[in-house]
Amino acid sequence: LKTRQICLLFIAFLPISKLFALPSIIAKTTYEDMWISAVVNLLIDLVTLLAILFCCKRANCDFITLLKRVFGNTGAKIILFFYALYFFVKLLIPLQEQKEFIKLSLYINLPTDLFFIPFFLISFYICLKPLRVFGRASDILWIFTLLGIVLLLCLSVSSVDFSAILPVGARGFKSIWKGTYNSFGWWGD
């Protein structure tokens with residue numbers, strides 16, 4: 001798996017995980033200030049990434065080597081284990097979203113969990129594939145993701161109502177913080 005393919009994988013699949021339930025989760029608590037909660041989470045991600053990149057550049061090594069230098073081999077393995085655990089738990093959010101989306105949109109008459117078993121079987125099968133398959137898929141699918149997002153934005157321009165976000169900060173910092181906290185699981189990719 002090449003670095004280019006990993007970057008394209010992020011472009012192809014991560015934005016999609018934020019399109020289904022994230023807006024409604026944030027809007028439930030912050031209403032018209034939901035964009036502020038999203039920006040706060042985005043800034044937390046950006047500051048974290050920039051701090052890691054700065055440390056790696058200053059130490060002239062990659063992240064895993066930096067962890068080994070600072071915490072030793074055992075400490076680095078423990079930290080990497082917690083990273084893996086974090087990302088496995090984080091995987092549950094999009095899986096649950098997909099399940100609810102399919103149940104609500106495709107199986108309105110008979111929404112049982114048995115109908116969702118094929119999705120889990122296909123997901124399990126894909127997990128058994130080697131990394132090069134994901135690299136090849138990302139080489140192709142990032143274009144469709146970007147085209148889809150651009151198309152969504154272009155189609156929604158005529159319906160935009162900027163007065164819906166006014167007044168800015170009307171619900172106060174507490175609701176913005178609660179929306180940031182409630183949506184934090186969708187960020188940190």
Side-chain angles (χ1 to χ4, degrees), residues 1-59 62-64 66-67 79-80 82-101 134-135 137-139 141-189:
L1 199 61
K2 296 180 171 76
T3 305
R4 173 185 55 83
Q5 291 175 326
I6 294 171
C7 293
L8 293 177
L9 186 73
F10 285 145
I11 292 171
F13 298 114
L14 292 183
I16 295 170
S17 69
K18 292 173 181 44
L19 290 179
F20 288 116
L22 178 62
S24 63
I25 297 292
I26 301 175
K28 190 179 355 177
T29 54
T30 58
Y31 301 94
E32 66 272 355
D33 293 331
M34 69 182 282
W35 67 274
I36 299 173
S37 293
V39 168
V40 168
N41 277 325
L42 189 63
L43 288 175
I44 291 170
D45 279 359
L46 184 64
V47 167
T48 304
L49 180 64
L50 290 176
I52 290 172
L53 288 174
F54 175 75
C55 291
C56 289
K57 185 172 177 100
R58 191 166 183 168
D62 62 359
F63 183 62
I64 296 174
L66 182 65
L67 286 176
I79 291 171
L80 291 173
F82 282 116
Y83 265 110
L85 186 65
Y86 168 75
F87 284 113
F88 281 128
V89 170
K90 196 172 161 40
L91 177 68
L92 296 176
I93 293 172
L95 285 177
Q96 185 64 29
E97 279 184 11
Q98 290 295 322
K99 176 184 174 189
E100 294 302 319
F101 175 72
F134 293 106
S138 66
D139 282 337
L141 295 177
W142 75 274
I143 297 169
F144 294 108
T145 301
L146 283 183
L147 287 175
I149 290 172
V150 168
L151 184 64
L152 280 172
L153 291 174
C154 290
L155 291 174
S156 65
V157 165
S158 63
S159 329
V160 172
D161 179 18
F162 288 108
S163 66
I165 64 170
L166 296 174
V168 175
R171 307 266 175 197
F173 181 75
K174 185 177 179 183
S175 98
I176 293 171
W177 178 251
K178 188 174 181 184
T180 301
Y181 176 76
N182 289 343
S183 64
F184 192 70
W186 275 265
W187 301 88
D189 301 327

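Please read these numbers as outputs of a predicted model, since none were measured by experiment. Throughout, numbering of the chain's residues begins at 1 and tracks the sequence.
Surrounding CG of Leu49 are more than 12 heavy atoms belonging to other residues, nucleotides or ligands, all under 6.0 Å away. For Tyr86, the OH atom sits in a packed shell: over 12 heavy atoms of surrounding residues, nucleotides or ligands are nearer than 6.0 Å. Around atom CZ of Phe87, more than 12 heavy atoms belonging to other residues, nucleotides or ligands sit under 6.0 Å away.
Closest approach of Met34 and Ala27 over heavy atoms only: SD-CB, 3.8 Å. Taking both residues in full, the closest heavy atoms of Thr30 and Ser175 are given as CG2-O, 2.8 Å, listed atom of the first, atom of the second, then distance. Shown here for Leu9 and Phe134, the closest heavy-atom pair between the two residues is CD1-O, 3.9 Å. Closest of all the heavy-atom pairs between Leu66 and Cys56 is CD2-SG, 4.0 Å. Val160 and Ser156 get closest at one heavy-atom pair: CG2-O, 3.2 Å. Here the closest heavy-atom approach between residue Gly185 and residue Lys90 is recorded as O-NZ, 2.7 Å.
Rounding to the nearest 0.5 Å places CG of Leu8 at 8.5 Å from CD1 of Ile143. The line from CD1 of Ile64 to CD1 of Ile79 is 11.5 Å long, rounded to the nearest 0.5 Å. Remark: Arg171 CZ to Ile176 CD1 distance equals 11.0 Å, nearest 0.5 Å. Going from atom OG1 of Thr145 over to atom CD1 of Ile11 covers 9.0 Å, rounded to the nearest 0.5 Å. With rounding to the nearest 0.5 angstrom, the CG atom of Asn182 is 12.5 Å from the CZ atom of Phe184. Taking CG from Leu67 and CZ from Phe63, the interatomic distance works out to 4.0 Å, rounded to the nearest 0.5 Å.
Counting heavy atoms from C-beta outward, Thr29 and Tyr181 have side chains that stay 4.5 Å or more apart. The shortest side-chain heavy-atom distance between Val40 and Ile44 falls under the 4.5 Å cut-off. Contact check for Leu50 versus Thr48: no side-chain heavy atoms found under the 4.5 Å cut-off.
The backbone N or O of Leu22 lies less than 3.5 Å from no partner atom in the side chain of Ser183, so there is not a single donor-acceptor pair.
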Audit row: Asn41, Asp45, side chain to side chain contact (heavy atoms under 4.5 Å, CB included) steps and yes/no: CA-CA 6 Å; Asn41 277 325; Asp45 279 359; 6.0 Å; no
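Qualifying side chain to side chain contact (heavy atoms under 4.5 Å, CB included) partners for Phe82, counting only residues two or more places apart in sequence or in other chains: Ile78, Leu85. Remark: Ala38 pairs with Ile26, Trp187 by the side chain to side chain contact (heavy atoms under 4.5 Å, CB included) rule, at least two apart or across chains.
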